[in-house]
Protein chains: 2
Amino acid sequence: MRASDRAYVTLLDEIQSGALAPGTVLGEVEQATRLGVSRTPLREAIGRLVADGLVTQQSPRVTVVTDFDADDIRALFEARRALETMMARLASARGDRSAFRALSEEFTRAHLDSDEAIEAYYALIARFDAALDAAVDNAYLTSALRTIRTHLVRARRLTSDNRGRMQASADEHALIASAVADGDAELAAHATHVHLHNALTAILTSLPEGNR
Amino acid sequence: MRASDRAYVTLLDEIQSGALAPGTVLGEVEQATRLGVSRTPLREAIGRLVADGLVTQQSPRVTVVTDFDADDIRALFEARRALETMMARLASARGDRSAFRALSEEFTRAHLDSDEAIEAYYALIARFDAALDAAVDNAYLTSALRTIRTHLVRARRLTSDNRGRMQASADEHALIASAVADGDAELAAHATHVHLHNALTAILTSLPEGNR
DNA sequence: TTCCCCCTCAGTGTATACACACCGAGAGGA
DNA sequence: TCCTCTCGGTGTGTATACACTGAGGGGGAA
């Protein structure tokens with residue numbers, strides 16, 4: 001693995017997890033020393049983070065970790081809705097129906113009654129997203145969504161896992177997958193809309209009073 | 001202006017204009033020499049182009065200008081539709097109505113009967129896009145759309161300006177702007193859909209037979 | 001003659017040195 | 001006392017040197 005990749009992955013994780021708080025100044029020498037690489041690969045990593053939008057060039061000489069608050073979450077979900085409803089529509093027209101039928105059944109069967117089950121549920125969602133990406137086969141949509149998902153990880157840290165919400169989320173996913181399997185584009189899109197609405201509401205509700 | 005910015009802007013323009021054809025291998029030393037910068041800023045420029053998707057790391061040791069064909073145009077318009085219909089909806093709810101009313105009238109008045117008028121029309125579209133960006137005020141949507149637009153420039157080179165189509169496009173824009181000004185989100189979204197459908201059809205029609 | 005191995009070289013990845021610009025502190029003058 | 005100018009320092013931007021890896025060609029052996 002290249003040094004620049006290591007630096008990127010490390011910084012990415014630290015920003016997503018909140019270890020590097022929004023507003024933190026990222027000095028090149030300081031970070032390079034800390035991560036044990038030279039300034040050259042570190043600059044490359046910072047550049048990629050800037051392209052991702054996770055890091056901002058506040059002034060020509062100072063780069064900081066990008067801010068992230070409730071308004072960002074709302075904006076993120078607007079973009080997500082635009083992209084994911086389109087993905088649902090296109091997958092309905094193009095997808096491998098049996099694959100989505102199987103995924104739908106997996107979502108239906110999911111019982112989130114243990115930590116392992118929750119881990120497995122996250123993995124299932126990842127497989128569902130991958131199936132959508134594969135079915136739609138549109139690099140531009142996939143890449144835009146990838147950026148959105150990168151930012152979304154930051155929202156998790158502001159919220160708490162809510163088991164009731166997760167069970168409902170599984171049911172919503174089951175419906176989306178089922179609609180895709182049936183080739184029902186309208187239902188798939190609208191079920192995605194509903195799912196995102198509920199997910200956003202749950203996230204905003206779980207935010208501490210002052211952060212909404 | 002920094003050397004890396006110069007290199008980026010130059011390469012960007014050459015890729016968008018087709019001066020650097022798809023598949024062209026971009027050797028660091030070769031390009032750095034050609035552009036009169038050292039490898040360090042050139043690598044930064046290449047990195048940004050990779051993030052944009054205009055350049056691809058074909059193998060660990062060779063980076064090439066990303067391919068671009070009719071299927072890419074279709075995929076691009078799918079992503080564009082997802083984002084722009086959402087922009088239209090949100091702008092309808094949030095936009096400065098008088099600004100869009102004025103833009104709508106400008107579109108209605110546009111008569112594309114000279115090269116200068118066409119230049120002015122392109123500028124008007126740019127102002128319209130900027131007004132949408134400002135009205136929606138969503139950095140994630142704007143940034144995703146910015147990437148899409150960057151790629152879209154490449155499509156222009158494959159097509160020819162068609163004056164009849166452009167006049168129709170002006171009318172379509174007038175309707176979108178008018179719907180936004182009226183706060184009619186549904187109409188704005190559907191008019192955007194129609195506009196993109198027509199634009200895509202015109203582009204694909206104008207492609208040489210073998211490229212469709 | 002053909003196949004395989006080794007060597008060379010081209011080209012990237014990283015480290016480092018140097019240049020330069022901006023910011024802040026301190027001192028001097030008004 | 002306050003404003004301004006200058007000087008030093010900190011940190012980025014760029015150039016360059018070195019290291020390493022992978023590919024291609026040539027030579028040797030079967």
Side-chain angles (χ1 to χ4, degrees), chain A residues 1-15 19-68 139 143 146-147 150, chain B residues 1-15 19-68 139 143 146-147 150:
Chain A
M1 199 181 202
R2 299 182 306 174
S4 63
D5 291 336
R6 279 203 319 270
Y8 174 74
V9 171
T10 305
L11 289 171
L12 176 63
D13 178 73
E14 290 177 345
I15 293 171
L20 282 174
T24 305
V25 175
L26 296 180
E28 292 182 5
V29 198
E30 176 192 354
Q31 297 301 320
T33 307
R34 184 172 72 85
L35 301 179
V37 299
S38 77
R39 279 182 57 218
T40 307
L42 182 102
R43 280 173 65 88
E44 191 178 317
I46 298 272
R48 289 169 67 184
L49 292 166
V50 169
D52 290 341
L54 291 169
V55 155
T56 308
Q57 206 117 22
Q58 196 173 57
S59 76
R61 309 262 303 214
V62 46
T63 62
V64 300
V65 177
T66 307
D67 233 47
F68 193 76
S143 147
R146 190 188 143 281
T147 304
T150 301
Chain B
M1 200 182 199
R2 299 182 308 173
S4 61
D5 290 337
R6 278 203 319 267
Y8 174 74
V9 170
T10 305
L11 289 171
L12 175 64
D13 178 73
E14 290 177 344
I15 293 171
L20 282 173
T24 305
V25 174
L26 296 179
E28 292 182 5
V29 197
E30 175 192 354
Q31 296 302 319
T33 307
R34 185 172 72 88
L35 301 180
V37 300
S38 77
R39 281 181 56 219
T40 307
L42 182 102
R43 280 174 64 89
E44 191 179 318
I46 298 272
R48 288 169 67 184
L49 292 167
V50 169
D52 289 341
L54 291 170
V55 155
T56 308
Q57 207 117 22
Q58 195 174 56
S59 77
R61 308 263 301 215
V62 47
T63 61
V64 300
V65 177
T66 307
D67 234 47
F68 193 76
S143 148
R146 191 189 143 280
T147 303
T150 301

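Note that these values count all heavy atoms, side chains included, but never hydrogens, waters or copies made by symmetry. Naming: A, B, ... by sequence-line order, numbering from 1 per chain.
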Discussion item. Dot-bracket for DNA chain C, please. Rules: Watson-Crick or G-U, both distances under 3.5 Å, ( ) within the strand, [ ] when a pair crosses earlier ones, | for another strand, . otherwise.
Written reply: ||||||||||||||||||||||||||||||
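Straight-line distance from the CE atom of Met1(B) to the C1' atom of dT14(D): 16 Å, rounded to whole Å. Between Glu28(A) atom CD and dT14(D) atom P there is a gap of 11 Å when expressed in whole angstrom units. Nucleotide dA15(D) holds its P atom 12 Å from the CG atom of Leu35(B), rounded to whole Å. For the pair Gln57(A) CD and dG13(D) P, the computed distance is 6 Å after rounding to whole Å. In this structure, Arg2(B) atom CZ and dA21(C) atom C1' are separated by 13 Å, rounded to whole Å.
Closest of all the heavy-atom pairs between Val65(A) and Ala21(A) is CB-O, 3.5 Å. Nearest heavy-atom pair across Val25(A) and Gln31(A) is O-NE2, 4.4 Å. The minimum heavy-atom distance linking Ala51(A) with Ala51(B) is given by the pair CB-CB, 3.9 Å.
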Pairs under 3.5 angstrom, nitrogen or oxygen only, protein versus nucleotides 21-25 of chain D, please.
unit_1: dT21(D); atom_1: O2; unit_2: Arg61(B); atom_2: NH1; d: 2.5
unit_1: dT21(D); atom_1: O2; unit_2: Arg61(B); atom_2: NH2; d: 3.4

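Note that the CZ atom of Arg2(B) and the CZ atom of Arg6(B) stand 11.0 Å from one another [nearest 0.5 Å]. Atoms CG and OG, from Asp52(B) and Ser143(A) in turn, are 9.5 Å apart once rounded to the nearest 0.5 Å.
A donor-acceptor pair is defined here as one N or O able to donate and one able to accept, closer than 3.5 Å; such a pair exists between the side chain of Thr63(A) and the backbone of Leu26(A). In this structure a side-chain-to-backbone donor-acceptor pair under 3.5 Å is present from Thr66(B) to Leu54(B).
Here Ser4(A) reaches the OP1 or OP2 of dT14(C): one of its side-chain N or O atoms lies under 4.0 Å away.
Near DNA chain D, meaning a heavy atom under 4.0 Å away, the residues from residues 36-56 of chain B are Val37(B), Ser38(B), Arg39(B), Thr40(B), Pro41(B).
Annotation: side chain of Ile46(B) is in contact with side chain of Leu11(B) (closest heavy-atom distance under 4.5 Å).
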Item to complete: Would you please test Asp13(B) and Tyr8(B) for side-chain hydrogen bond (donor to acceptor under 3.5 Å, both in side chains) and show each step?
Response: CA-CA 8 Å; Asp13(B) 178 73; Tyr8(B) 174 74; over 6 Å; no
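Residues Glu44(A) and Arg39(A) are not paired through a salt bridge, judged by the lack of any N-O separation under 4.0 Å between the basic side chain and the carboxylate. With salt bridges taken as basic N to acidic carboxylate O contacts below 4.0 Å, none links Arg61(B) and Glu28(B).
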